[in-house]
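Following: one structure in structure tokens, then a few remarks.
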Amino acid sequence: MTAEKSPPNAIQSPIQSITLTRPDDWHLHLRDGDTLAAVLPHTARQFARAIVMPNLRPPVTTAAQALAYRERILAARPTSGPGAGFQPLMTLYLTDNTPADEIVRGRDAGVVALKLYPAGATTNSDAGVTDIRHTRAALEAMQRHGLPLLVHGEVTDSEIDLFDREAVFIDRVMVPLRRDFPELKVVFEHITTRDAAQYVAQAGPHTAATITAHHLLYNRNALFQGGVRPHYYCLPVLKRETHRQALLAAVASGSDRFFLGTDSAPHPTHLKEHACGCAGCYTALNALELYAEAFDSVGALDRLEAFASHHGPDFYGLPRNSGQITLVRQVQNVPDALALGQGKLTPLRAGEQLAWSLAA
Ligand SMILES: NC(=O)N[C@@H](CC(=O)O)C(=O)O
Ligand SMILES: [Zn+2]
Ligand SMILES: [Zn+2]
């Protein structure tokens, strides 16, 4: 295989099975209604908890909305098996007008973080922040009350090349934010570049990053392999191979600044396979198997447990989980599509194989 083909997955250890503390997903889209009902069991089967993104329509901007959304998620949980104990961790969508009081109400309601979407950056971000200076009062309250800020780290300036938007965000937003709010916990979500991995590695203990399985497994060639491949389109968009290698090096380093966040983002198949296809990869169906493959490809399976199950709760100040799950090196087929209401949902790797399986 050439260096530009993905996934190379060159190294494979002799390890046949691996048992982990039950992991958590620190960046997840569950949506609502029929979609919530269809996707939640996939996450709940693998993960004890997940940080649930607030980019619904309309967005979850108040503590009261977060509590109501939490109830709908709990009602959609499987009634038996390991998924029955799944716990959603709720977030609020930060706007130009989020009052400091809402931060306090959120904290009292069990909200664990606020999400910053630069306006127009990604799916359902129209209500997002137009200028981070407008959020000063909210950020001060978050810093005071210990609530982390989760950022979709891309500038939206149309002058900036799509592939450079994350790197430019570091200089324009992250560096000033860190300087102005040194004690605020910040998670740079779904990082995709060497620039972001290097930035986070040296930014001190209050800055961390989530990394998706698809950004560890694929480079931007996957978008154009023999034709346009909409199911590999997400934001931030896949980057070139050197960046993928830097993300793999970051997780293989064992640094506690990096942890698991799938960014699993379900969109109906017909809206992905569309003239203007939606951004988001549906990875929740086989999230851990995909991560195992990525870690295995660089001989770093021994780093998977801390990435998936320790670094996240440690950063958020939450207890680690007590149960366990086991992955075995056993090939499985990924279905072509799943049912989603009247339509379909296409998982990442649809119709292909996975090298790992979750033990029953
Ligand atoms: N990642 C994506 O491509 N899409 C996400 C939004 C996001 O996380 O940016 C979605 O909600 O569909
Ligand atoms: Zn995002
Ligand atoms: Zn996301």
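In listed order, ligands and their atoms are each counted from 1. Here the structure is a predicted model, which is why all the values come from computation and not from measurement.
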Determine, using ring centers only, whether [Y] and [X] are less than 6.0 Å apart.
X	Y	answer
Y316	W26	yes
H190	H152	yes
Y93	Y117	yes
Y291	F307	yes

Option set L56, L150, T122, N55, criterion heavy-atom distance to atom 7 (C) of ligand 1, minimum: T122
Donor-acceptor side-chain pairing of Y282 and H42 below 3.5 angstrom: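 Their side chains do contain a donor-acceptor pair, which is all the 3.5 Å distance test asks for.
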Check: R178/T207 side-chain N/O donor and acceptor closer than 3.5 Å: yes
All side chain to side chain donor-acceptor pair (under 3.5 Å) counterparts of R22, not counting sequence neighbours: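 For R22 there are no side chain to side chain donor-acceptor pair (under 3.5 Å) partners, ignoring immediate neighbours.
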A279 N/O under 3.5 Å from ligand 1 N/O: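 The answer is yes, given that A279 and ligand 1 share an N or O pair closer than 3.5 Å.
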Within-cut-off N or O pair, A265 and ligand 1, under 3.5 Å: no
Side chain, backbone, both or neither: [X] near ligand 1, heavy atoms under 4.0 Å:
X	result
H190	side chain
R31	side chain
H27	side chain

Heavy-atom donor-acceptor pair, R45 side chain to L285 backbone, under 3.5 Å: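 Present.
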Which heavy atom of the protein is the closest neighbour of [atom], given with residue, atom name and distance?
atom	result
atom 1 (N) of ligand 1	D263 OD2, 2.7 Å
atom 5 (C) of ligand 1	H29 NE2, 3.6 Å
atom 3 (O) of ligand 1	L235 N, 2.7 Å

Short N-O contact, D296 and R329, less than 4.0 angstrom: yes
Sub-4.0 Å atoms of ligand 1 with respect to non-hydrogen atoms of C234: 3 (O)
For the student: nearest non-hydrogen atoms of V334 and P347, plus distance: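 Answer, listing the atom of V334 first, then P347: CG1-CG, 3.8 Å.
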Plane angle bin for Y218 and Y232 - parallel if under 30°, tilted between 30 and 60°, otherwise perpendicular: perpendicular
Around the Zn ion (ligand 3), number of protein N/O/S atoms which are nearer than 2.8 Å: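 Total protein N/O/S atoms under 2.8 Å from the Zn ion (ligand 3): 3.
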